[in-house]
Amino acid sequence: NAGVTQTPKFQVLKTGQSMTLQCAQDMNHNSMYWYRQDPGMGLRLIYYSASEGTTDKGEVPNGYNVSRLNKREFSLRLESAAPSQTSVYFCASRKSGQGEAFFGQGTRLTVV
Amino acid sequence: EDQVTQSPEALRLQEGESSSLNCSYTVSGLRGLFWYRQDPGKGPEFLFTLYSAGEEKEKERLKATLTKKESFLHITAPKPEDSATYLCAVGIYGQNFVFGPGTRLSVLP
């Protein structure tokens, strides 16, 4: 049971570089989410996808783009990384609009 | 504005010393109250969902309760392995969650 798998686990970027965070779930869930977690601020929603083919902005979308590649995969792209994007990023999935979400292990990103 | 607060920010207990964590919320339309456990360097792990005031759920040494404005996570006779950060989240309209900042629990042997 893999659940939600994120890659990579760690990444260091220089300011201005781009990268894509990958997320895949094997639970046949419809909804997928990207969060960032910063000390003292809790988890904040960046983007979400209610179903395959749809994406919507969350609380902190600036500087990010997403792609719902298929039902299993939801990627997060940083086009031009900034130090303010240093954070731990979590992908999550949920069967539908109700019920609990399941989280991946996270990607720790540092932008220098 | 939908908001979730948790208290205390950090809690240190001796093994066997029972206590409670608080989650207070103000949301326009509650679609579930969720408790998660997060260990260092890992993603949040689901514990409980509560939907109605008066509802209670238990799992081992943990019991979650819900009122119209807050939820409590009661920890009975905790063990060192219960040490973690406990996150509270509320489900809101539009498929989303609002998370609280968490309570860091340390249980000393």
Side-chain angles (χ1 to χ4, degrees), chain A residues 1-7 9-10 21 23 25 27 29-52 54-61 68 74 87-109, chain B residues 1-10 21-27 29-52 55 57 59 62 64 66 71 73 84-104:
Chain A
N1 265 359
V4 179
T5 302
Q6 291 183 234
T7 56
K9 288 187 169 49
F10 301 93
L21 281 63
C23 175
Q25 53 92 7
M27 296 175 282
H29 286 171
N30 290 312
S31 302
M32 297 186 74
Y33 306 79
W34 277 105
Y35 289 90
R36 60 177 289 172
Q37 187 174 40
D38 302 291
M41 302 193 71
L43 286 155
R44 292 183 292 168
L45 183 65
I46 305 171
Y47 271 93
Y48 69 99
S49 171
S51 62
E52 186 178 354
T54 68
T55 60
D56 285 286
K57 294 179 181 179
E59 181 185 354
V60 289
R68 183 74 183 265
F74 188 38
S87 187
V88 182
Y89 291 84
F90 288 100
C91 177
S93 72
R94 192 183 192 189
K95 189 173 183 180
S96 66
Q98 303 276 342
E100 66 272 19
F102 295 87
F103 286 81
Q105 292 298 293
T107 296
R108 186 173 295 273
L109 175 67
Chain B
E1 182 184 355
D2 300 319
Q3 193 170 9
V4 178
T5 59
Q6 291 187 246
S7 62
E9 183 176 330
L21 312 183
N22 176 265
C23 171
S24 297
Y25 59 91
T26 53
V27 295
L30 181 70
R31 293 188 168 196
L33 186 292
F34 303 83
W35 282 99
Y36 286 85
R37 170 190 170 127
Q38 186 174 23
D39 293 302
K42 297 194 174 182
E45 176 186 347
F46 171 72
L47 292 173
F48 302 109
T49 308
L50 303 165
Y51 286 103
S52 305
E55 190 176 357
K57 290 207 176 156
K59 179 180 180 180
L62 301 177
L66 181 65
S71 177
L73 185 65
T85 296
Y86 290 86
L87 302 174
C88 165
V90 294
I92 60 174
Y93 180 80
Q95 308 253 353
N96 296 330
F97 302 92
V98 176
F99 279 85
T103 293
R104 290 193 316 277

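Below, chain A is the first sequence line, B the second, and so on; all start at residue 1. Not measured: the values here are computed from a predicted model.
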Visitor: With a 4.5 angstrom heavy-atom cut-off, could you sort out which part of Leu45(A) is near chain B: side chain, backbone, both or neither?
Guide: side chain
Visitor: What is the distance from atom CD of Gln37(A) to atom OG1 of Thr85(B), rounded to the nearest 0.5 Å?
Guide: 8.0 Å
Visitor: Looking at Lys57(B), I'd like to know if its NZ atom is crowded, meaning that more than 12 non-hydrogen atoms belonging to other residues, nucleotides or ligands lie closer than 6.0 Å.
Guide: yes
Visitor: Ring pair (Phe, Tyr, Trp, His ring centres under 6.0 Å) with Phe103(A): which of Phe46(B), Phe97(B), Tyr36(B), Phe34(B)?
Guide: Tyr36(B)
Visitor: If the condition is ring pair (Phe, Tyr, Trp, His ring centres under 6.0 Å), which residues does Phe102(A) pass it with, not counting sequence neighbours?
Guide: His29(A)
Visitor: Counting heavy-atom pairs under 4.5 Å to chain A, which of Pro101(B), Pro44(B), Gly102(B) comes out on top?
Guide: Pro44(B)
Visitor: Ala92(A) versus chain B, heavy atoms under 4.5 Å apart: side chain, backbone, both or neither?
Guide: neither
Visitor: With a 6.0 Å cut-off (strictly less than), is the heavy-atom count around CZ of Arg44(A), excluding the residue itself, greater than 12?
Guide: yes
Visitor: Please flag which part of Tyr51(B) lies under 4.5 Å from any non-hydrogen atom of chain A: side chain, backbone, both or neither.
Guide: side chain
Visitor: Counting only heavy atoms not in Met27(A), do more than 12 sit closer than 6.0 Å to its CE atom?
Guide: yes
Visitor: Heavy-atom distance under 4.5 Å to chain A: side chain of Glu45(B), backbone, both or neither?
Guide: neither
Visitor: For Phe90(A), check ring pair (Phe, Tyr, Trp, His ring centres under 6.0 Å) against everything at least two apart and list the hits.
Guide: none
Visitor: What part of Glu59(A) lies closer than 4.5 angstrom to a heavy atom of chain B: side chain, backbone, both or neither?
Guide: neither
